[in-house]
Amino acid sequence: MKNHLLLVALLCSACNVSVTDANSSAPQDNSGQAGNITQPANSAAAPAPGKVEAYAFQVVQEQNPYPANKFLQAQVALDRWGFSPGVLDGKDGMNLKAALRGFQEANKLPVTGEYDQKTAAALLEGEARPSTYLVRIPDDFARGPFFDVPRGNLNEQAKLPALTYRNLLEKVAERFHTTPEALIALNAPDTKVGAGTTIRVPAIDNQPIAMIEGDARGWGETLASLGVAKDQPQADHLVVDKSEGLLKVYNTENRLIAQFPVTTGSQHDPLPIGEWTIKGVSRNPVFHYNPDLFWDASSKDEKAVLKPGPNGPVGVVWIDLSKDHYGIHGTPEPQTIGRTESHGCIRLTNWDAARLAQMVKSGVKAKFQA
(Lines give C-alpha, C1' and ligand atoms only; values in the text may rest on other atoms or scores of the structure.)
Protein backbone atom coordinates (compact mmCIF):
# COMPACT_ATOMS: atom_id res chain seq x y z
CA MET A 1 0.00 0.00 0.00
CA LYS A 2 1.51 3.37 -0.96
CA ASN A 3 1.80 6.10 1.63
CA HIS A 4 -0.92 8.15 0.04
CA LEU A 5 -3.75 7.47 -2.38
CA LEU A 6 -3.65 9.65 -5.46
CA LEU A 7 -6.96 11.02 -6.67
CA VAL A 8 -8.95 8.60 -4.57
CA ALA A 9 -12.41 9.92 -3.71
CA LEU A 10 -13.64 8.89 -0.29
CA LEU A 11 -17.07 9.77 1.05
CA CYS A 12 -17.79 9.95 4.77
CA SER A 13 -21.39 8.91 5.09
CA ALA A 14 -22.95 10.39 7.95
CA CYS A 15 -19.96 12.74 7.99
CA ASN A 16 -21.24 13.49 4.47
CA VAL A 17 -17.94 14.59 3.03
CA SER A 18 -15.63 13.37 0.32
CA VAL A 19 -11.94 13.14 0.96
CA THR A 20 -9.09 13.02 -1.55
CA ASP A 21 -5.34 12.69 -1.27
CA ALA A 22 -4.11 14.36 -4.44
CA ASN A 23 -0.87 16.34 -4.41
CA SER A 24 -1.08 20.00 -3.40
CA SER A 25 1.20 22.87 -2.58
CA ALA A 26 2.31 23.43 0.98
CA PRO A 27 0.61 26.33 2.80
CA GLN A 28 2.51 29.59 3.15
CA ASP A 29 3.59 31.10 6.47
CA ASN A 30 1.67 34.02 7.95
CA SER A 31 2.93 36.90 10.04
CA GLY A 32 3.01 35.20 13.46
CA GLN A 33 5.96 36.18 15.63
CA ALA A 34 8.36 33.72 17.23
CA GLY A 35 7.72 33.27 20.93
CA ASN A 36 4.05 34.22 20.64
CA ILE A 37 1.54 31.48 21.45
CA THR A 38 -0.34 32.37 18.26
CA GLN A 39 2.66 31.92 16.00
CA PRO A 40 2.51 29.61 12.95
CA ALA A 41 2.54 25.80 13.06
CA ASN A 42 4.35 23.29 10.89
CA SER A 43 4.20 23.31 7.12
CA ALA A 44 2.60 20.40 5.27
CA ALA A 45 5.61 20.15 2.93
CA ALA A 46 7.80 17.06 3.03
CA PRO A 47 11.01 17.60 5.06
CA ALA A 48 14.31 18.18 3.32
CA PRO A 49 17.09 15.60 3.73
CA GLY A 50 18.97 16.18 6.99
CA LYS A 51 15.89 17.37 8.90
CA VAL A 52 15.03 14.02 10.43
CA GLU A 53 15.80 15.32 13.94
CA ALA A 54 14.23 18.74 13.43
CA TYR A 55 11.31 18.04 15.77
CA ALA A 56 13.37 16.56 18.60
CA PHE A 57 12.48 18.09 21.97
CA GLN A 58 15.43 18.39 24.35
CA VAL A 59 14.60 16.88 27.72
CA VAL A 60 15.80 19.34 30.33
CA GLN A 61 14.58 17.38 33.34
CA GLU A 62 12.67 14.18 34.04
CA GLN A 63 10.04 14.16 36.75
CA ASN A 64 10.27 11.72 39.63
CA PRO A 65 9.22 8.42 37.99
CA TYR A 66 6.76 7.72 40.80
CA PRO A 67 4.79 10.97 41.04
CA ALA A 68 1.82 11.67 43.25
CA ASN A 69 -0.42 11.41 40.19
CA LYS A 70 -0.44 7.68 39.52
CA PHE A 71 -3.12 8.10 36.85
CA LEU A 72 -0.84 10.17 34.62
CA GLN A 73 1.88 7.56 35.10
CA ALA A 74 -0.54 4.86 33.96
CA GLN A 75 -1.79 6.92 31.00
CA VAL A 76 1.72 7.61 29.69
CA ALA A 77 2.76 3.97 30.02
CA LEU A 78 -0.41 2.71 28.33
CA ASP A 79 0.06 5.15 25.45
CA ARG A 80 3.60 3.87 25.00
CA TRP A 81 2.31 0.30 24.68
CA GLY A 82 -0.43 1.22 22.19
CA PHE A 83 -3.37 0.88 24.58
CA SER A 84 -4.54 4.44 24.35
CA PRO A 85 -6.36 6.17 27.22
CA GLY A 86 -7.10 9.07 24.88
CA VAL A 87 -6.08 12.47 26.25
CA LEU A 88 -3.24 12.30 28.80
CA ASP A 89 -4.61 14.47 31.59
CA GLY A 90 -3.83 12.62 34.83
CA LYS A 91 -7.50 11.92 35.53
CA ASP A 92 -9.15 8.62 36.32
CA GLY A 93 -12.09 7.81 34.07
CA MET A 94 -13.71 5.44 31.60
CA ASN A 95 -10.99 5.75 28.92
CA LEU A 96 -8.22 4.97 31.42
CA LYS A 97 -10.08 1.97 32.83
CA ALA A 98 -10.81 0.66 29.32
CA ALA A 99 -7.14 1.01 28.35
CA LEU A 100 -6.08 -0.83 31.49
CA ARG A 101 -8.52 -3.66 30.74
CA GLY A 102 -7.16 -3.94 27.20
CA PHE A 103 -3.55 -4.07 28.37
CA GLN A 104 -4.41 -6.61 31.06
CA GLU A 105 -6.19 -8.83 28.55
CA ALA A 106 -3.30 -8.65 26.09
CA ASN A 107 -0.80 -9.53 28.81
CA LYS A 108 -2.82 -12.29 30.52
CA LEU A 109 -3.29 -10.30 33.71
CA PRO A 110 -6.47 -10.24 35.82
CA VAL A 111 -8.83 -7.95 33.88
CA THR A 112 -9.89 -5.45 36.53
CA GLY A 113 -9.49 -2.06 34.87
CA GLU A 114 -7.52 -0.98 37.93
CA TYR A 115 -3.93 0.24 38.09
CA ASP A 116 -2.83 -2.45 40.50
CA GLN A 117 0.67 -3.60 41.40
CA LYS A 118 0.88 -6.38 38.81
CA THR A 119 -0.36 -4.11 36.03
CA ALA A 120 2.09 -1.36 37.00
CA ALA A 121 4.98 -3.83 37.00
CA ALA A 122 4.07 -5.03 33.50
CA LEU A 123 3.48 -1.52 32.12
CA LEU A 124 6.73 -0.12 33.49
CA GLU A 125 8.70 -3.33 32.84
CA GLY A 126 10.15 -3.04 36.32
CA GLU A 127 11.89 0.24 35.49
CA ALA A 128 11.61 3.69 37.07
CA ARG A 129 9.99 5.42 34.09
CA PRO A 130 9.13 9.14 34.19
CA SER A 131 5.59 10.28 33.55
CA THR A 132 6.53 13.85 32.57
CA TYR A 133 9.47 15.67 31.01
CA LEU A 134 10.52 19.28 31.20
CA VAL A 135 11.37 19.95 27.54
CA ARG A 136 12.77 22.77 25.44
CA ILE A 137 10.70 23.54 22.33
CA PRO A 138 12.83 23.29 19.14
CA ASP A 139 12.87 26.16 16.65
CA ASP A 140 11.59 24.10 13.71
CA PHE A 141 8.66 22.76 15.69
CA ALA A 142 7.65 26.29 16.69
CA ARG A 143 7.68 27.53 13.11
CA GLY A 144 4.45 28.24 11.14
CA PRO A 145 2.03 28.60 9.70
CA PHE A 146 -0.79 28.99 12.22
CA PHE A 147 -4.31 30.01 11.29
CA ASP A 148 -7.33 30.91 13.38
CA VAL A 149 -9.47 27.97 12.26
CA PRO A 150 -13.16 28.71 12.96
CA ARG A 151 -14.88 25.87 14.79
CA GLY A 152 -17.72 24.15 12.94
CA ASN A 153 -17.98 26.60 10.01
CA LEU A 154 -16.73 24.56 7.07
CA ASN A 155 -17.27 27.28 4.47
CA GLU A 156 -15.08 29.64 6.49
CA GLN A 157 -12.50 26.89 6.98
CA ALA A 158 -12.38 26.41 3.20
CA LYS A 159 -11.01 29.96 2.83
CA LEU A 160 -7.80 29.05 4.69
CA PRO A 161 -4.67 27.79 2.88
CA ALA A 162 -4.32 24.97 5.45
CA LEU A 163 -6.20 23.76 8.52
CA THR A 164 -3.18 23.96 10.79
CA TYR A 165 -3.09 24.33 14.54
CA ARG A 166 -4.42 27.62 15.86
CA ASN A 167 -1.35 28.31 18.01
CA LEU A 168 1.80 26.71 19.32
CA LEU A 169 0.26 25.67 22.64
CA GLU A 170 -2.35 23.60 20.77
CA LYS A 171 0.37 22.06 18.62
CA VAL A 172 2.56 21.17 21.61
CA ALA A 173 -0.48 19.63 23.32
CA GLU A 174 -1.17 17.25 20.41
CA ARG A 175 2.54 16.39 20.16
CA PHE A 176 2.35 15.15 23.74
CA HIS A 177 -1.11 13.54 23.41
CA THR A 178 -3.00 15.96 25.57
CA THR A 179 -4.89 19.29 25.50
CA PRO A 180 -3.83 22.89 26.12
CA GLU A 181 -5.87 22.87 29.34
CA ALA A 182 -4.03 19.79 30.63
CA LEU A 183 -0.64 21.32 29.74
CA ILE A 184 -1.50 24.47 31.66
CA ALA A 185 -2.53 22.31 34.64
CA LEU A 186 0.91 20.62 34.51
CA ASN A 187 2.61 24.02 34.51
CA ALA A 188 1.35 27.44 35.58
CA PRO A 189 -1.78 29.44 34.66
CA ASP A 190 0.35 32.01 32.86
CA THR A 191 2.29 29.40 30.85
CA LYS A 192 3.63 30.73 27.55
CA VAL A 193 5.34 28.82 24.79
CA GLY A 194 7.72 29.70 22.00
CA ALA A 195 10.91 28.56 20.31
CA GLY A 196 13.48 27.76 22.99
CA THR A 197 11.10 27.99 25.95
CA THR A 198 10.63 25.11 28.38
CA ILE A 199 7.40 23.42 29.41
CA ARG A 200 6.45 20.30 31.37
CA VAL A 201 4.71 17.67 29.24
CA PRO A 202 3.62 14.01 29.42
CA ALA A 203 6.64 11.79 28.71
CA ILE A 204 5.96 10.96 25.05
CA ASP A 205 9.30 10.30 23.40
CA ASN A 206 10.72 11.95 20.28
CA GLN A 207 10.24 10.37 16.87
CA PRO A 208 12.42 11.32 13.90
CA ILE A 209 10.83 12.71 10.76
CA ALA A 210 10.47 9.57 8.68
CA MET A 211 11.80 9.64 5.14
CA ILE A 212 8.99 8.10 3.07
CA GLU A 213 9.24 7.67 -0.70
CA GLY A 214 6.59 9.63 -2.58
CA ASP A 215 5.54 11.52 0.56
CA ALA A 216 4.04 14.55 -1.20
CA ARG A 217 1.93 15.60 1.78
CA GLY A 218 4.59 15.41 4.48
CA TRP A 219 3.25 12.38 6.35
CA GLY A 220 6.67 11.67 7.86
CA GLU A 221 6.65 15.15 9.37
CA THR A 222 3.07 14.69 10.59
CA LEU A 223 4.04 11.49 12.42
CA ALA A 224 6.97 13.24 14.11
CA SER A 225 4.81 16.22 15.05
CA LEU A 226 2.40 13.82 16.78
CA GLY A 227 5.10 11.75 18.49
CA VAL A 228 4.07 8.63 16.54
CA ALA A 229 6.60 6.09 15.25
CA LYS A 230 6.48 5.14 11.58
CA ASP A 231 7.01 1.44 12.36
CA GLN A 232 4.08 -0.22 14.13
CA PRO A 233 2.91 -3.82 14.60
CA GLN A 234 0.71 -4.87 11.70
CA ALA A 235 -3.00 -5.54 12.04
CA ASP A 236 -4.72 -8.64 10.72
CA HIS A 237 -8.20 -7.43 11.67
CA LEU A 238 -10.02 -4.78 13.69
CA VAL A 239 -13.05 -4.87 15.97
CA VAL A 240 -15.06 -1.73 16.71
CA ASP A 241 -17.32 -2.22 19.71
CA LYS A 242 -20.14 0.30 20.08
CA SER A 243 -21.04 -0.54 23.68
CA GLU A 244 -17.43 -0.28 24.84
CA GLY A 245 -16.55 2.70 22.63
CA LEU A 246 -13.34 0.99 21.55
CA LEU A 247 -11.43 0.03 18.43
CA LYS A 248 -9.34 -3.10 19.01
CA VAL A 249 -6.46 -4.25 16.79
CA TYR A 250 -5.58 -7.95 16.48
CA ASN A 251 -2.67 -9.73 14.81
CA THR A 252 -2.72 -12.93 12.74
CA GLU A 253 -2.75 -15.01 15.94
CA ASN A 254 -5.90 -13.18 17.11
CA ARG A 255 -3.91 -11.50 19.86
CA LEU A 256 -4.93 -8.03 20.96
CA ILE A 257 -1.99 -5.74 20.07
CA ALA A 258 -3.50 -2.24 20.36
CA GLN A 259 -6.66 -0.49 21.49
CA PHE A 260 -8.05 3.02 21.00
CA PRO A 261 -11.08 4.88 22.40
CA VAL A 262 -13.46 5.97 19.64
CA THR A 263 -16.68 7.83 18.94
CA THR A 264 -18.94 5.58 16.88
CA GLY A 265 -21.97 7.45 15.58
CA SER A 266 -25.29 8.67 16.90
CA GLN A 267 -28.99 7.88 16.92
CA HIS A 268 -29.37 9.69 13.59
CA ASP A 269 -26.25 8.11 12.07
CA PRO A 270 -25.67 4.78 13.85
CA LEU A 271 -22.58 2.62 13.61
CA PRO A 272 -23.07 0.24 10.65
CA ILE A 273 -23.03 -3.16 12.36
CA GLY A 274 -21.40 -5.84 10.23
CA GLU A 275 -18.12 -6.96 8.69
CA TRP A 276 -16.26 -4.59 6.37
CA THR A 277 -12.88 -4.28 4.68
CA ILE A 278 -10.37 -1.45 4.60
CA LYS A 279 -10.10 -0.16 1.03
CA GLY A 280 -7.24 2.29 1.53
CA VAL A 281 -5.62 4.95 3.71
CA SER A 282 -5.50 8.66 2.83
CA ARG A 283 -2.94 10.58 4.88
CA ASN A 284 -3.27 14.36 5.32
CA PRO A 285 -6.40 14.30 3.12
CA VAL A 286 -8.21 17.11 1.35
CA PHE A 287 -11.85 17.35 2.51
CA HIS A 288 -14.73 17.91 0.06
CA TYR A 289 -17.82 19.28 1.80
CA ASN A 290 -21.26 18.81 0.22
CA PRO A 291 -23.99 20.33 2.44
CA ASP A 292 -26.70 18.59 0.35
CA LEU A 293 -25.59 15.30 1.94
CA PHE A 294 -25.30 16.67 5.47
CA TRP A 295 -28.56 16.35 7.43
CA ASP A 296 -27.73 19.13 9.91
CA ALA A 297 -26.03 21.54 7.49
CA SER A 298 -27.09 25.16 7.42
CA SER A 299 -29.27 26.19 4.48
CA LYS A 300 -26.65 28.88 3.82
CA ASP A 301 -23.79 26.41 3.40
CA GLU A 302 -22.21 25.86 -0.01
CA LYS A 303 -20.04 23.12 -1.46
CA ALA A 304 -16.39 23.64 -0.53
CA VAL A 305 -12.95 22.09 -0.62
CA LEU A 306 -10.96 22.22 2.62
CA LYS A 307 -7.17 21.94 2.64
CA PRO A 308 -5.35 19.30 4.75
CA GLY A 309 -4.46 19.84 8.37
CA PRO A 310 -4.94 18.52 11.93
CA ASN A 311 -7.86 20.91 12.50
CA GLY A 312 -9.77 19.65 9.46
CA PRO A 313 -13.07 17.78 9.95
CA VAL A 314 -11.36 14.37 9.63
CA GLY A 315 -8.04 15.35 11.20
CA VAL A 316 -4.83 13.95 9.75
CA VAL A 317 -6.02 10.67 8.23
CA TRP A 318 -8.98 8.93 6.58
CA ILE A 319 -9.17 5.10 6.51
CA ASP A 320 -11.72 4.14 3.86
CA LEU A 321 -14.09 1.22 4.40
CA SER A 322 -15.99 -1.07 2.04
CA LYS A 323 -19.21 0.19 3.62
CA ASP A 324 -20.16 3.00 1.24
CA HIS A 325 -19.49 6.46 2.64
CA TYR A 326 -17.98 5.28 5.95
CA GLY A 327 -14.47 5.54 7.30
CA ILE A 328 -12.20 5.75 10.34
CA HIS A 329 -10.54 9.13 10.91
CA GLY A 330 -8.99 11.68 13.24
CA THR A 331 -10.56 14.71 14.89
CA PRO A 332 -9.66 18.33 15.71
CA GLU A 333 -11.28 17.91 19.17
CA PRO A 334 -9.48 15.05 20.99
CA GLN A 335 -11.21 15.75 24.31
CA THR A 336 -14.57 14.75 22.78
CA ILE A 337 -13.62 11.17 21.88
CA GLY A 338 -16.01 8.77 23.59
CA ARG A 339 -17.99 11.66 25.04
CA THR A 340 -19.95 13.12 22.11
CA GLU A 341 -21.74 11.72 19.07
CA SER A 342 -20.31 11.57 15.54
CA HIS A 343 -21.94 11.72 12.12
CA GLY A 344 -21.66 7.96 11.75
CA CYS A 345 -17.97 7.39 11.08
CA ILE A 346 -15.43 6.16 13.64
CA ARG A 347 -13.40 9.00 15.19
CA LEU A 348 -10.11 8.82 17.10
CA THR A 349 -7.67 11.41 18.39
CA ASN A 350 -5.24 12.53 15.68
CA TRP A 351 -2.32 10.74 17.34
CA ASP A 352 -4.26 7.48 17.67
CA ALA A 353 -5.58 7.75 14.09
CA ALA A 354 -2.02 8.30 12.83
CA ARG A 355 -0.78 5.28 14.75
CA LEU A 356 -3.63 3.12 13.46
CA ALA A 357 -2.87 4.28 9.90
CA GLN A 358 0.60 2.74 10.24
CA MET A 359 -0.90 -0.56 11.39
CA VAL A 360 -3.41 -1.19 8.61
CA LYS A 361 -3.49 -1.56 4.85
CA SER A 362 -5.93 -2.39 2.09
CA GLY A 363 -7.66 -5.72 2.72
CA VAL A 364 -7.63 -5.65 6.52
CA LYS A 365 -11.01 -6.77 7.90
CA ALA A 366 -13.03 -4.59 10.27
CA LYS A 367 -15.92 -5.98 12.32
CA PHE A 368 -18.38 -3.52 13.82
CA GLN A 369 -20.44 -4.87 16.70
CA ALA A 370 -23.00 -3.54 19.15
Side-chain angles (χ1 to χ4, degrees), residues 1-6 8-15 17-21 81-84 86 98-99 101-103 105-108 111 219 223 228-266 269-283 285 314-331 337-338 342-370:
M1 183 68 194
K2 292 186 178 181
N3 292 307
H4 62 280
L5 307 176
L6 295 180
V8 175
L10 309 173
L11 184 66
C12 178
S13 139
C15 288
V17 296
S18 62
V19 183
T20 61
D21 198 22
W81 281 95
F83 290 82
S84 173
R101 287 193 296 269
F103 179 82
E105 176 188 341
N107 288 276
K108 296 180 170 48
V111 181
W219 182 246
L223 290 173
V228 173
K230 172 190 173 186
D231 297 326
Q232 299 288 339
Q234 294 302 290
D236 176 73
H237 59 282
L238 314 177
V239 173
V240 176
D241 192 290
K242 177 182 177 180
S243 62
E244 293 183 321
L246 296 172
L247 186 156
K248 299 180 179 183
V249 184
Y250 294 87
N251 65 10
T252 55
E253 299 174 348
N254 202 34
R255 179 171 178 264
L256 181 63
I257 58 173
Q259 177 181 287
F260 308 102
V262 294
T263 296
T264 60
S266 65
D269 299 303
L271 180 74
I273 304 302
E275 297 187 5
W276 316 106
T277 302
I278 290 176
K279 294 171 62 179
V281 181
S282 182
R283 297 163 170 87
V314 295
V316 299
V317 70
W318 169 271
I319 299 172
D320 194 33
L321 295 169
S322 57
K323 170 67 175 176
D324 287 345
H325 317 317
Y326 279 81
I328 302 169
H329 62 83
T331 180
I337 295 301
S342 76
H343 278 94
C345 295
I346 297 86
R347 262 192 300 133
L348 301 83
T349 66
N350 274 331
W351 56 88
D352 287 343
R355 189 168 191 165
L356 179 63
Q358 297 305 105
M359 304 179 79
V360 300
K361 60 184 178 181
S362 179
V364 168
K365 302 297 182 182
K367 180 180 180 181
F368 294 178
Q369 62 190 32

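Along the sequence shown, the residues carry numbers beginning at 1.
Scanning for side-chain contact (heavy atoms from CB on, under 4.5 Å) contacts around A354 gives W219, L223, L226, V228, V316, with sequence neighbours left out. With sequence neighbours excluded, the residues forming a side-chain hydrogen bond (donor to acceptor under 3.5 Å, both in side chains) with N254 are H237, listed by chain and number. S243 pairs by the side-chain hydrogen bond (donor to acceptor under 3.5 Å, both in side chains) definition with D241, not counting sequence neighbours. Residues that satisfy the side-chain hydrogen bond (donor to acceptor under 3.5 Å, both in side chains) test with T277, not counting sequence neighbours, are K365.
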Legend entry - Stepwise side chain to side chain contact (heavy atoms under 4.5 Å, CB included) test for F368 and V240: CA-CA 5 Å; F368 294 178; V240 176; 3.4 Å; yes

Inset, instruction - Mind running side chain to side chain contact (heavy atoms under 4.5 Å, CB included) on L356 and L238 for me, showing each step along the way? - result: CA-CA 10 Å; L356 179 63; L238 314 177; 4.2 Å; yes

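Expressed to the nearest 0.5 Å, how far OH of Y250 lies from NZ of K367 amounts to 9.5 Å. Here the CD atom belonging to E275 is positioned 10.0 Å from the OG atom belonging to S322, to the nearest 0.5 angstrom. Interatomic distance, CZ of F260 versus CG of L348, reported as 7.0 Å (0.5 Å rounding). Taken to the nearest 0.5 Å, the NE2 atom of H329 stands 7.5 Å off from the CD1 atom of I346.
Although no hydrogens or angles enter the test, the distance criterion places a donor-acceptor pair under 3.5 Å between the side chain of Q259 and the main chain of A98. Judged purely by atom type and a 3.5 angstrom limit, N350 uses its side chain to pair as donor or acceptor with the backbone of T331. Side-chain atoms of R355 never come within 3.5 Å of backbone atoms of A258 as a donor-acceptor pair (strictly under, hydrogens ignored). The closest donor-acceptor contact from the side chain of Q358 to the backbone of Q234 lies at 3.5 Å or more, if one exists at all.
Among pairs with a residue in residues 245-256, those fulfilling salt bridge (Lys or Arg N to Asp or Glu O under 4.0 Å) read E244-K248, at least two apart in sequence or across chains.
Contact between V249 and L247 at its shortest, heavy atoms only, is CG2-CD2, 3.8 Å. Across every non-hydrogen atom of K242 and L271, the tightest pair is CB-CD2, 3.8 Å. Of all the heavy atoms in N251 and I257, the pair that sits closest is ND2-CG2, 3.8 Å. Nearest heavy atoms, S84 versus G86: OG-N, 2.9 Å. When all heavy atoms of L246 and P261 are compared, the pair lying nearest together is CD2-CA, 4.0 Å. Scanning all heavy atoms of the two residues, the minimum distance from F83 to A106 falls at CZ-CB, 3.5 Å.
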